[in-house]
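This structure is a prediction, so every number in the text was calculated from the model and none was measured.
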Amino acid sequence: MFVCYLDESGVPENAGTPYFVLVGLAIEAQRWKTIETEISSLKAAYGLQGQEIHTAWMARRFTEQERIPDFDLLPCEGRRREVEQRRMQHLLRLAASGTRKQLDAAKKNYRKTAGYVHLTRDERLELIRQLADTVAGWQDSRLFAEVIDKQVVYAQPNLRLPPFEFAFTELIQRYEYFLRHRGHFLGQELLGFIVQDNNETVARRLTEMMIRFHREGTRWTDIDHIFETPLFVNSELTSMVQMADLCGYAIRRYYENGEADLFERIYQRFDRTPQGVVGIRHFTAPGCSCRVCSDRSTPLKP
């Protein structure tokens with residue numbers, strides 16, 4: 001049995017980021033405890049026991065750290081104390097003379113990054129790299145992703161499905177194909193289910209879609225190896241959704257900023273067949289020569 005953890009990076013609306021990414025990280029259910037222990041041990045080594053790994057927030061610059069003399073030489077508690085003191089002073093200044101929007105943005109930033117302030121940016125980036133390498137080392141796991149170029153999608157006169165629902169349908173199909181073909185290779189029936197980061201705006205829609213897939217199939221395949229509808233969980237409490245978040249961040253940064261390091265670390269985990277990489281698709285205009293578009297049509301070397 002496999003469990004596929006889904007998370008998104010970017011927003012599906014035609015605003016903000018130019019790309020929307022939906023990613024699924026499928027692991028063998030019987031290996032869950034071992035994998036969870038690996039992630040927990042890495043987090044503990046950086047003093048992040050019980051903290052959510054939200055990659056985008058971890059990777060940011062914390063400018064108040066850069067203003068503290070010899071910050072990297074301070075002990076962890078000293079780092080935290082110095083940062084929290086400066087953040088409180090900043091909030092007080094904004095409350096006195098800033099705008100409500102500035103104050104709310106600062107509060108959100110500080111709330112989302114509070115668990116990481118005892119780590120330098122180099123330490124945070126190193127942890128992210130180690131986590132990516134850990135995911136890459138799970139040989140029996142698979143990654144699936146739909147990478148949507150929103151400029152191309154929204155230029156279409158008649159959208160059959162909004163980007164989130166379109167990406168969800170594509171991932172469900174790839175997961176179904178993987179379970180079917182992997183089970184055939186092993187000589188046994190493989191089943192799987194889906195765990196999705198809780199998103200109240202789409203939870204009902206995705207549940208309804210999955211019910212319809214079970215009843216009618218998708219445009220291209222019946223759904224026979226995925227059971228139930230998605231289970232929605234709080235990402236703060238689920239390490240595997242956090243690792244899906246890391247993968248989504250790596251993919252989107254690769255396409256939006258040309259940052260290849262994290263992407264290359266996890267790339268080997270995308271599902272593939274002898275005909276090429278099938279676990280990830282770049283939905284864009286024809287003629288793209290990025291690695292994904294090239295590898296999807298390039299047979300693997302014997």
Side-chain angles (χ1 to χ4, degrees), residues 2-10 17 19-28 31-32 34-43 45-46 48 52-60 123-149 167 170-171 174-175 177-178 182 192 194-197 235 238-273 276-284 288 290-296 298 300:
F2 278 78
V3 186
C4 189
Y5 296 87
L6 269 59
D7 197 25
E8 70 267 16
S9 185
T17 58
Y19 277 91
F20 172 70
V21 177
L22 184 65
V23 63
L25 171 60
I27 67 169
E28 288 186 303
R31 293 201 65 225
W32 174 85
T34 300
I35 287 174
E36 179 72 22
T37 299
E38 287 184 53
I39 299 302
S40 297
S41 297
L42 259 179
K43 291 164 70 171
Y46 286 82
L48 293 174
E52 178 180 9
I53 300 296
H54 195 299
T55 308
W57 290 102
M58 284 186 67
R60 289 186 174 196
E123 289 168 340
R124 285 180 269 121
L125 293 178
E126 178 58 24
L127 172 56
I128 292 170
R129 287 189 287 266
Q130 290 183 26
L131 289 169
D133 288 340
T134 300
V135 172
W138 298 336
Q139 298 294 323
D140 293 323
S141 301
R142 294 294 185 274
L143 278 171
F144 308 93
E146 185 74 6
V147 185
I148 295 180
D149 183 338
E170 291 297 314
L171 253 69
R174 286 175 213 153
Y175 187 33
Y177 291 144
F178 163 72
R182 181 68 174 168
I194 298 162
V195 176
Q196 166 86 36
D197 183 24
S235 62
T238 310
S239 292
M240 291 305 101
V241 172
Q242 296 169 30
M243 294 304 98
D245 168 82
L246 184 152
C247 295
Y249 173 87
I251 297 166
R252 189 162 64 84
R253 297 293 289 191
Y254 172 73
Y255 277 99
E256 291 185 357
N257 301 80
E259 299 174 12
D261 181 57
L262 286 180
F263 181 75
E264 292 294 340
R265 290 172 189 264
I266 64 171
Y267 190 70
Q268 61 187 297
R269 288 277 63 80
F270 285 106
D271 191 33
R272 59 196 67 212
T273 70
V277 174
V278 296
I280 180 172
R281 182 177 69 161
H282 179 204
F283 189 93
T284 189
C288 178
C290 76
R291 180 170 184 183
V292 170
C293 291
S294 297
D295 286 357
R296 279 181 63 86
T298 302
L300 298 178

Report task. Show your working on side-chain contact (heavy atoms from CB on, under 4.5 Å) between Val292 and Phe263 and close with a plain yes or no. Result -> CA-CA 11 Å; Val292 170; Phe263 181 75; 3.8 Å; yes
Query raised in the report: Going from CZ on Arg142 to OH on Tyr175, what distance comes out if it is rounded to the nearest 0.5 angstrom?
Result: 12.0 Å
Requested in this report: For Arg291, enumerate each residue passing the side-chain contact (heavy atoms from CB on, under 4.5 Å) test, keeping only those at least two apart in sequence or located in another chain.
Outcome: Tyr254, Glu264, Tyr267, Asp295
Query raised in the report: If we only count heavy atoms from C-beta on, is the Arg182 to Asp140 side-chain gap below 4.5 Å?
Result: yes
**Report entry** Any Glu8 side-chain heavy atom under 4.5 Å of Arg252 side chain
**Finding:** no
Report summary line: Residues Ser235 and Val241: closest non-hydrogen pair is CB-CG1, 3.7 Å
Report task. Would you please name every residue forming a side-chain contact (heavy atoms from CB on, under 4.5 Å) with Asp133, sequence neighbours left out? Result -> Arg265
Requested in this report: Show the numbers, then the answer: is there a side-chain contact (heavy atoms from CB on, under 4.5 Å) between Asp245 and Ile53?
Outcome: CA-CA 8 Å; Asp245 168 82; Ile53 300 296; 5.8 Å; no
Query raised in the report: Pick from Leu246, Leu48, Leu131: which one makes a side chain to side chain contact (heavy atoms under 4.5 Å, CB included) with Met58?
Result: Leu48
Query raised in the report: Roughly how far, to the nearest 0.5 Å, is the CG atom of Leu22 from the CD1 atom of Ile148?
Result: 8.0 Å
Query raised in the report: Just wondering, do Val278 and Phe178 contact through their side chains at under 4.5 Å, heavy atoms?
Result: no
Query raised in the report: Pick one: which of Ile39, Thr37, Leu42 meets side chain to side chain contact (heavy atoms under 4.5 Å, CB included) with Ser239?
Result: Ile39
Query - OG1-CD distance between Thr17 and Glu256, expressed to the nearest 0.5 angstrom - result: 5.0 Å
Requested in this report: Of all the heavy-atom pairs spanning Ala250 and Leu262, show the shortest one and how long it is.
Outcome: CB-CB, 3.6 Å
Report summary line: Closest non-hydrogen atoms of Val23 and Cys247, given as atom of the first, atom of the second and distance, are CG2-CB, 4.1 Å
**Report entry** Residue pair Asp149 / Phe283, side-chain heavy-atom distance below 4.5 Å
**Finding:** no
Query raised in the report: If you round to the nearest 0.5 Å, how far is CG of Leu25 from CZ of Phe2?
Result: 10.5 Å
**Report entry** Nearest heavy atoms of Phe20 and Ala167, plus distance in Å
**Finding:** CE2-CB, 4.2 Å
**Report entry** Approximate separation, where rounding is to 0.5 Å, of Leu143 CG and Trp138 CH2
**Finding:** 9.5 Å
Query raised in the report: Any idea which heavy atoms bring Phe270 and Val277 closest together, and the distance?
Result: CB-CG1, 4.2 Å
Query raised in the report: Going from CE on Met240 to CH2 on Trp32, what distance comes out if it is rounded to the nearest 0.5 angstrom?
Result: 8.0 Å
**Report entry** Full working for side-chain contact (heavy atoms from CB on, under 4.5 Å) between Trp57 and Glu52
**Finding:** CA-CA 10 Å; Trp57 290 102; Glu52 178 180 9; over 6 Å; no
Query raised in the report: Are the side chains of Glu146 and His282 in touch, meaning some heavy atoms are under 4.5 Å apart?
Result: no
Query raised in the report: Would Glu38 and Thr34 count as a side-chain contact (heavy atoms from CB on, under 4.5 Å) if you check the C-alpha gap in whole Å, the side-chain angles of each, and the deciding distance to 0.1 Å?
Result: CA-CA 6 Å; Glu38 287 184 53; Thr34 300; 4.2 Å; yes
Query raised in the report: Taking all non-hydrogen atoms of both residues, which atom of Ala59 and which atom of Tyr249 are closest, and how far apart?
Result: CB-OH, 3.4 Å
